[in-house]
J.: 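Here's a structure for you.
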Amino acid sequence: MKLSYEVVLVFLVLCICIAESVDPLGDSCNKESEISKGSKISANIDSLLPELALKTPPTGFATGFSGKGEDRVYGLAQCRGDVSTEDCSSCVQDAAKQIKQRCPNEADARIWYDYCFLRYNNKSSFIGQVNTSPGILYANVQDVNDPESFKKVLGALMDQIRGEAVEPKNEGLGKGQTQISTFQTLYALVQCTRDLAHIDCAQCLAIALENFDNFCNNKKGCRVLYSSCYVRYELYPFFFPLASDNSTVSDHYLINVVKP
Ligand SMILES: *[C@@H]1O[C@H](CO)[C@@H](O)[C@H](O)[C@H]1NC(C)=O
């Protein structure tokens, strides 16, 4: 009996750790959309956020609005398509909490995590529009050993998964892996937001992939986060279902925020 008690205790401690909120990868508060705390727009944001947090997890995507007339605020939230309903739910809840803390005085705000993205604005026109500014970029500090062959393999994998992402049944998600040597596997994932037409998804991904020749060039891992798409590759498994892998890769990152 004592043993099982300890097991339960360890499990609880783990659960508490997992339940703690994760820091976002980035946020963007548009300083040109300033609002005051007591404004109607601010109150509409406060009622929009819990609605988005509730509506998003069942399908992984939601848009919505709150308020009337010129005070109306529009929102969009999406989880990466490989993420479970539970992980999606905790991500959008974190996002809904953090975005208003980070952008308390803006009507136009965005927040990025690995598992989800959330955005609101008092202009409805952002829904369905490709947006690649601002961008948040993360690159592993380490370079790959064999840049030339790496570039070819990465390019081929990206072509494959961006093709998947624009197939209607995949809802903007493409993911895959390629063995690059006996010891190393390359994992990559792309995700467009589901408000986009397929041609716009393709355009967002093409713009994101332009970073592969500069900021991401020859890095062991890289992420490009835009409001309309997410692109990432790593030499370790990072998407679901998680592949088992014994390789270890340094995860120190360079971060670059590309402002509009
Ligand atoms: C959005 O809110 C800002 C700040 O209050 C305001 O200047 C702008 O006109 C609003 N835009 C729309 C479309 O209502």
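In listed order, ligands and their atoms are each counted from 1.
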J.: Taking the six-membered ring for Trp, are Y233 and F212 parallel (under 30°), tilted (30 to 60°) or perpendicular (over 60°)?
T.: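 Rings of Y233 and F212: perpendicular, as their planes differ by over 60°.
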J.: Main chain of F240, side chain of D82: is a donor-acceptor contact present, judged purely on distance under 3.5 Å?
T.: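 Yes, the answer is positive, given that a donor and an acceptor are paired below the 3.5 Å cut-off.
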J.: Could you tell me, atom by atom, which parts of ligand 1 come under 4.0 Å of a heavy atom of E70?
T.: 14 (O)
J.: Nearest to atom 4 (C) of ligand 1, what protein heavy atom do you find, and at what distance?
T.: E34 O, 3.4 Å
J.: Do R223's NZ or CZ and the ring of Y138 fall within the cation-pi criteria of under 6.0 Å and 45°?
T.: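 The answer is yes; both the distance and angle limits are met.
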J.: Are any of the protein's heavy atoms under 4.0 angstrom from atom 7 (O) of ligand 1, yes or no?
T.: no
J.: May I ask you to decide if the ring planes of Y187 and F239 are parallel, tilted or perpendicular, using 30° and 60° as cut-offs?
T.: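 The rings of Y187 and F239 stand perpendicular, inter-plane angle above 60°.
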J.: Is atom 11 (N) of ligand 1 touching the protein, meaning some protein heavy atom lies under 4.0 Å away?
T.: yes
J.: Would you mind running through ligand 1 and noting each atom that sits below 4.0 Å from a heavy atom of I41?
T.: 2 (O)
J.: Check the pair R162 / D159 against salt bridge (Lys or Arg N to Asp or Glu O under 4.0 Å), numbers first and verdict last.
T.: CA-CA 5 Å; R162 60 207 268 213; D159 285 346; 3.3 Å; yes
J.: Purely on distance, is any nitrogen or oxygen of N122 under 3.5 Å from one on ligand 1?
T.: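 In this structure, N122 places an N or O atom under 3.5 Å from an N or O of ligand 1.
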